[in-house]
Amino acid sequence: MKIAVIGTGYVGLVTGTCLAETGNTVICVDINEAKVLKMQQGIIPIYEPGLDVLFLRNIEQKRLTFTIDLAHAIKDAQIIFMALPTPPGGDGAADLSYILGAAKDISKLVTSYKVIVNKSTVPVGTADLVSAVFAENTDVEIDVVSNPEFLREGVAVDDFMKPDRVVIGTRSERAQKLMAELYGPYVRQGNPILFMDEKSSELTKYAANSFLATKITFMNEIANLCEKVGADVDAVRRGIGSDDRIGKRFLFPGIGYGGSCFPKDVQALAKSAEEHQYDFQILKAVMEINERQKTVLVDKVSTYYKDDLKGKHFALWGLAFKPETDDIREAPALYIIDALVSKGATVTVFDPEGMENVKNLIGDKVNYASNQYEALSGADALLIATEWSVFRNPDFELMETSLKHKVVFDGRNLYDLQKMIDLGYYYNSIGRKLID
Ligand SMILES: O=c1ccn([C@@H]2O[C@H](COP(=O)(O)OP(=O)(O)O[C@H]3OC[C@@H](O)[C@H](O)[C@H]3O)[C@@H](O)[C@H]2O)c(=O)[nH]1
């Protein structure tokens, strides 16, 4: 099929590349000329495991091209994906100006039937707004479809190529037929393509992310209670996770969820509910608790040093909001750095992929180590904020000789408690017994 993708951010680039991978001819459009030039030269603008291979292969085989020319991109396209930013506006509601602006531009260019797909996370009712823009500007028949994306950073290619489900929001049979044809190759293993109306599809995306954020937040609360009552959250997690009504996934407690999606989507759903005179109390609690959970690790450090962190030096392992990405948006590590520095401490950080992004954001507020052990050198204690695999089985002897004291505050429960006892560490983690 002939496809156009408007916007080459995370969702747009993964969508365009993975759609080309099954034989479609995909033209990606972006207003950022420098970025388009780079992509035309095969330079991929994001870090996403496995995407670079597909990106280069499909460029080489001329199935994937990039342009700033919207008219050229949509001329022969049967389906036009809009993968544009919907950042939170001042009041937390999603800002639709990019989507509605692009819809207007496209509506002035279409000359034949097109399916217009909202791929971005958009509030309920956005498909109707986009349809209204087209109705206002053209007589050409088009169908606006909601097709939310559920990919996770770090495993985006897998999530797109083998989705748990594909959600298609449209009441048009003509559009359903085209979308089923397009997604057929991705659900060969039997996962469903779920057809529904536009509003239900739009809400499905927010509900899915908000439910996952609520699940994580519930586990964070259980972890905090475990510390009070002397229970072990890992045992509780296994105990409840083996009930398939609850499920094992997204039950890992930590220092709060981050990233470009959960914080924004939970906020936007609560806001959208408010706009419809519905008080979504659970989501308000989730947001409040998640903010508090980001402070848990620093609270442990402050307690240990009796609220006097002046002159203390800490090592921080992990900056990205989760492993396998360089993304630091809403990363708990940024909060930890702010809190430690504001209490008079200094910090040396290490992250396998996120250093550049942090340097660009906070510059020399912290020191940047070239590897995880260099970060430990002369540090009073180690804090862990992201569960990168490389931190899971470190050289404990080298750690011991590098750190000033064998003190670890672990926001991701990486180490076995008995091991830390045997090694003689002070080890304070989340929802588990304190080793001191
Ligand atoms: O068990 C868990 C799982 C996740 N998390 C935290 O939850 C946050 C979100 O993790 P995800 O892997 O979902 O991250 P992503 O933001 O990449 O994906 C999320 O938003 C985009 C959607 O399309 C995805 O479907 C959704 O999973 C991270 O901060 C992670 O550390 C936990 O604290 N515990």
Side-chain angles (χ1 to χ4, degrees), residues 10 32 34-35 38 43 45-48 87 153-154 254-260 263 291 293-391 394-395 398-412 414 428:
Y10 212 91
N32 180 334
K35 188 178 175 186
K38 279 198 175 154
I43 301 168
I46 59 170
Y47 169 80
E48 179 57 39
E153 295 187 28
I255 46 178
Y257 60 75
S260 59
E291 282 315 301
Q293 196 65 16
K294 291 180 185 171
T295 72
V296 160
L297 209 60
V298 174
D299 294 347
K300 288 173 186 283
V301 174
S302 298
T303 306
Y304 182 77
Y305 294 104
K306 302 184 176 46
D307 285 324
D308 179 14
L309 302 190
K310 281 194 193 55
K312 290 282 183 284
H313 180 64
F314 296 104
L316 178 61
W317 281 1
L319 298 169
F321 81 97
K322 65 173 199 176
E324 301 309 322
T325 178
D326 60 357
D327 197 339
I328 59 165
R329 287 174 285 183
E330 300 285 331
L334 297 174
Y335 170 87
I336 292 170
I337 290 169
D338 275 352
L340 292 175
V341 171
S342 68
K343 292 171 189 286
T346 52
V347 185
T348 298
V349 302
F350 176 74
D351 187 280
E353 294 293 341
M355 300 281 255
E356 263 336 284
N357 288 338
V358 170
K359 262 185 206 150
N360 297 338
L361 189 69
I362 63 173
D364 58 10
K365 196 172 179 176
V366 295
N367 311 308
Y368 300 90
S370 56
N371 66 58
Q372 65 200 83
Y373 300 104
E374 185 195 305
L376 301 176
S377 166
D380 291 286
L382 165 64
L383 283 77
I384 301 174
T386 316
E387 66 277 27
W388 285 94
S389 310
V390 72
F391 299 149
D395 179 335
L398 190 46
M399 268 175 76
E400 199 168 319
T401 52
S402 308
L403 281 167
K404 231 157 82 180
H405 307 288
K406 293 198 288 185
V407 176
V408 175
F409 298 93
D410 183 356
R412 297 294 179 179
L414 296 188
N428 197 338

Measure across A331 and A320 and return the closest heavy-atom pair with its distance rounded to 0.1 Å.
CB-C, 4.2 Å
Evaluate side-chain contact (heavy atoms from CB on, under 4.5 Å) for L316 paired with F314, printing each intermediate quantity in order.
CA-CA 6 Å; L316 178 61; F314 296 104; over 6 Å; no
Ignoring hydrogens, what is the shortest heavy-atom contact between G318 and A333? Give both atom names and the distance.
O-CB, 3.4 Å
Results of salt bridge (Lys or Arg N to Asp or Glu O under 4.0 Å) for E400 - residues two or more places apart only
K406
Starting from the C-alpha separation in whole Å, work towards a yes-or-no answer on salt bridge (charged side-chain N to carboxylate O under 4.0 Å, His left out) for D327 and R329.
CA-CA 6 Å; D327 197 339; R329 287 174 285 183; 2.8 Å; yes
Can you name the nearest heavy-atom pair linking W388 to K322, along with the distance?
CZ2-O, 4.4 Å
Should P352 and Y47 count as side-chain neighbours, where that means a heavy-atom distance under 4.5 Å?
no
Rounding to 0.5 Å, atoms OG (S342) and CD1 (I337) come to a distance of 11.5 Å
Contact check, side chains of I255 and K294, non-hydrogen atoms, under 4.5 Å:
no
Would T295 and D299 count as having a side-chain donor-acceptor pair, cut-off 3.5 Å?
yes
Salt-bridge criterion met for K404 and D380 (N-O under 4.0 Å)
yes
I'd like to know whether I384 forms a side-chain contact (heavy atoms from CB on, under 4.5 Å) with L414, so could you lay out the CA-CA distance, the side-chain angles of the two residues, the decisive distance to 0.1 Å, and finally the verdict.
CA-CA 9 Å; I384 301 174; L414 296 188; 3.8 Å; yes
Do we see a donor-acceptor contact under 3.5 Å between the side chains of T348 and E374?
no
Closest non-hydrogen contact found for M355 with A369 is CE-O, 2.9 Å
Minimum heavy-atom separation for P332 and R412, please, with both atom names.
CG-NH2, 4.2 Å
Compare all side-chain heavy atoms of V347 with those of K365 and state whether any distance is below 4.5 angstrom.
no
Among L334, I336, D351, which residue meets the side-chain contact (heavy atoms from CB on, under 4.5 Å) test with L319?
D351
Tell me whether K38 at atom NZ has more than 12 heavy atoms from other residues, nucleotides or ligands lying less than 6.0 Å away.
no
Could you check if a side-chain atom of V349 sits within less than 4.5 angstrom of a side-chain atom of W317, using non-hydrogen atoms only?
no
Compute the centroid of each ring, for Y304 and then for F409, and state whether the two points are separated by less than 6.0 Å.
yes
Flag if over 12 foreign heavy atoms under 6.0 Å of CG, N371
yes
Flag side-chain contact, heavy atom, 4.5 Å: V366 against T346:
no
For L403 against L382, the heavy-atom pair lying closest together
CD2-N, 4.1 Å
Should S260 and E153 count as side-chain neighbours, where that means a heavy-atom distance under 4.5 Å?
yes
Holding to side-chain hydrogen bond (donor to acceptor under 3.5 Å, both in side chains), I want the full list of residues that pass it with N32, two or more places apart in sequence or in another chain.
none
Residue pair E353 / T325, side-chain heavy-atom distance below 4.5 Å
no
K310 backbone acceptor or donor facing D308 side chain under 3.5 Å
yes
Can you find a pair of side-chain heavy atoms, one from E291 and one from P263, that are under 4.5 Å apart?
no
Can you check side-chain contact (heavy atoms from CB on, under 4.5 Å) on E330 and Y335, steps first, answer last?
CA-CA 8 Å; E330 300 285 331; Y335 170 87; over 6 Å; no
Y373 (side chain) donor-acceptor with D395 (main chain) under 3.5 angstrom
yes
Please test K343 against V301 for side-chain contact (heavy atoms from CB on, under 4.5 Å), starting from the C-alpha separation and ending with a verdict.
CA-CA 11 Å; K343 292 171 189 286; V301 174; over 6 Å; no
The reported gap from CG in L376 to NE2 in H313 (rounded to nearest 0.5 angstrom) is 9.0 Å
